[in-house]
Amino acid sequence: MSWRFLRDLLSGVNKYSTGIGRMWVAVVFIFRLLVYVVAAENIWKYEHDEFECNIKQPGCENVCFDHFFPVSHIRLWALQLIMVSTPSLLVVFHVAYRENREKHHNQKLYKNPGEIDGGLLYTYLISLILKTGFEIVFLVLFYKLYNGFKVPRLVKCDIRPCPGTVDCYISKPTEKMIFLCFLVATSCLCIVLNLSEMSYLIFKYSIKCYWKRHIKKRQ
């Protein structure tokens, strides 16, 4: 899978982000995207082929694998990366709208089209809320689908067409567990960064409004 479009998107968003937002971009790009492409994708590449059960009953392994892994970890992570990154397009589109508006009127309408104020502030906050929401939804989804953030060495399966309770073994469970914990931790870090950036922007906007009212009263 080519991730060039996501890299370009993160690079574009970085220009209009606050300091905390740039930290979020760095975490997503370095600790999530690169780790996914370089290491995690290869670890889960042959997860179905390396899933073994101690019986050769036709269809048993396939049914057990589908039961314990209803959605591939690696595909779900890919979807998560895309979903948490795309809300940033709202900010990019809003800045592009400002720039096109200035060209259309042929005059300077904003001090800086990329400055986070006015309508762009609300767009930025909406993008942060969406990113945080997607992160939480996917963490809950992971937890529900796989019964927690763990990779067991052995799973017991008694689903037809298996003749009875069958022992099935997952390949490289320790290695998969380490990467699973790492990716969950980085997802939690991104949630903290998003909430911190929201708090920072709301606090900054509140202070700005307070000083405006204070100056008007004095005048």
Side-chain angles (χ1 to χ4, degrees), residues 2-38 40 77-105 107-142 181-217:
S2 175
W3 292 97
R4 187 178 299 174
F5 79 98
L6 196 57
R7 181 199 64 192
D8 294 340
L9 169 61
L10 294 174
S11 299
V13 171
N14 199 43
K15 294 188 293 184
Y16 313 119
S17 300
T18 64
I20 301 173
R22 292 189 183 96
M23 288 175 61
W24 177 86
V25 171
V27 170
V28 171
F29 185 75
I30 298 172
F31 295 106
R32 298 181 75 174
L33 183 57
L34 288 183
V35 168
Y36 175 91
V37 172
V38 174
W77 278 326
L79 182 61
Q80 182 184 17
L81 271 173
I82 293 169
M83 294 301 290
V84 300
S85 300
T86 47
S88 300
L89 280 171
L90 294 172
V91 178
V92 176
F93 288 154
H94 197 129
V95 174
Y97 164 76
R98 283 184 165 189
E99 291 173 347
N100 288 332
R101 192 161 175 256
E102 284 189 339
K103 288 180 181 177
H104 180 72
H105 289 85
Q107 59 179 317
K108 194 73 175 174
L109 301 174
Y110 308 96
K111 292 179 181 179
N112 179 7
E115 186 178 349
I116 303 173
D117 61 354
L120 185 59
L121 173 64
Y122 294 109
T123 302
Y124 201 98
L125 288 173
I126 290 169
S127 73
L128 289 174
I129 292 169
L130 289 174
K131 286 190 285 189
T132 306
F134 283 134
E135 293 281 15
I136 293 171
V137 166
F138 274 96
L139 283 177
V140 172
L141 193 60
F142 268 108
C181 291
F182 178 81
L183 290 168
V184 168
T186 52
S187 183
C188 292
L189 177 59
C190 286
I191 292 173
V192 172
L193 288 173
N194 286 333
L195 293 175
S196 300
E197 191 172 16
M198 274 193 281
S199 302
Y200 166 75
L201 288 172
I202 292 170
F203 177 76
K204 183 180 176 182
Y205 181 71
S206 300
I207 293 296
K208 188 177 179 180
C209 290
Y210 170 78
W211 280 111
K212 279 184 178 180
R213 289 176 184 175
H214 181 69
I215 291 168
K216 284 182 179 180
K217 283 182 180 180

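- At most 12 non-hydrogen atoms from other residues, nucleotides or ligands lie less than 6.0 angstrom from CZ of Phe31.
- Of the possible donor and acceptor atoms, none in the side chain of Ser187 sits under 3.5 Å from a partner among the backbone N and O of Leu183.
- Note that CG of Leu195 and OG1 of Thr132 are 5.0 Å apart. Values are rounded to the nearest 0.5 Å.
- For the pair Ser196/Met23, no side-chain contact is recorded, criterion being any heavy-atom separation below 4.5 Å from C-beta on.
- Considering every non-hydrogen atom in both Thr186 and Val27, the closest pair reads O-CG1, 4.4 Å.
- Taking CG of Leu89 as the start and OG1 of Thr123 as the end, the distance is 12.5 Å to the nearest 0.5 Å.
- Gln80 places none of its side-chain heavy atoms less than 4.5 Å from the side chain of Leu141.
- Phe138 has its ring centre no less than 6.0 Å from the ring centre of Trp77.
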Would Lys204 and Thr18 satisfy side chain to side chain contact (heavy atoms under 4.5 Å, CB included), going step by step from the backbone distance to the final call? CA-CA 12 Å; Lys204 183 180 176 182; Thr18 64; over 6 Å; no

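- To the nearest 0.5 Å, atom OH of residue Tyr200 and atom CG of residue Leu193 are 14.5 Å apart.
- Side chains of Glu197 and Tyr124 form a contact here, defined as non-hydrogen atoms less than 4.5 Å apart.
- The closest side-chain heavy-atom distance from Lys131 to Leu128 is below 4.5 Å.
- Evaluated for a side-chain contact (heavy atoms from CB on, under 4.5 Å) with Leu90, the options Val95, Leu130, Leu120 yield exactly one hit, Leu130.
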If you apply the rule side chain to side chain contact (heavy atoms under 4.5 Å, CB included), what do you find for Val28 with Ser85, and how did you get there?
CA-CA 9 Å; Val28 171; Ser85 300; 4.2 Å; yes

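- Nearest heavy-atom pair across Pro87 and Ser127 is O-CB, 3.4 Å.
- Atom-to-atom distance recorded for Asn194:CG and Ile136:CD1 is 9.5 Å, nearest 0.5 angstrom.
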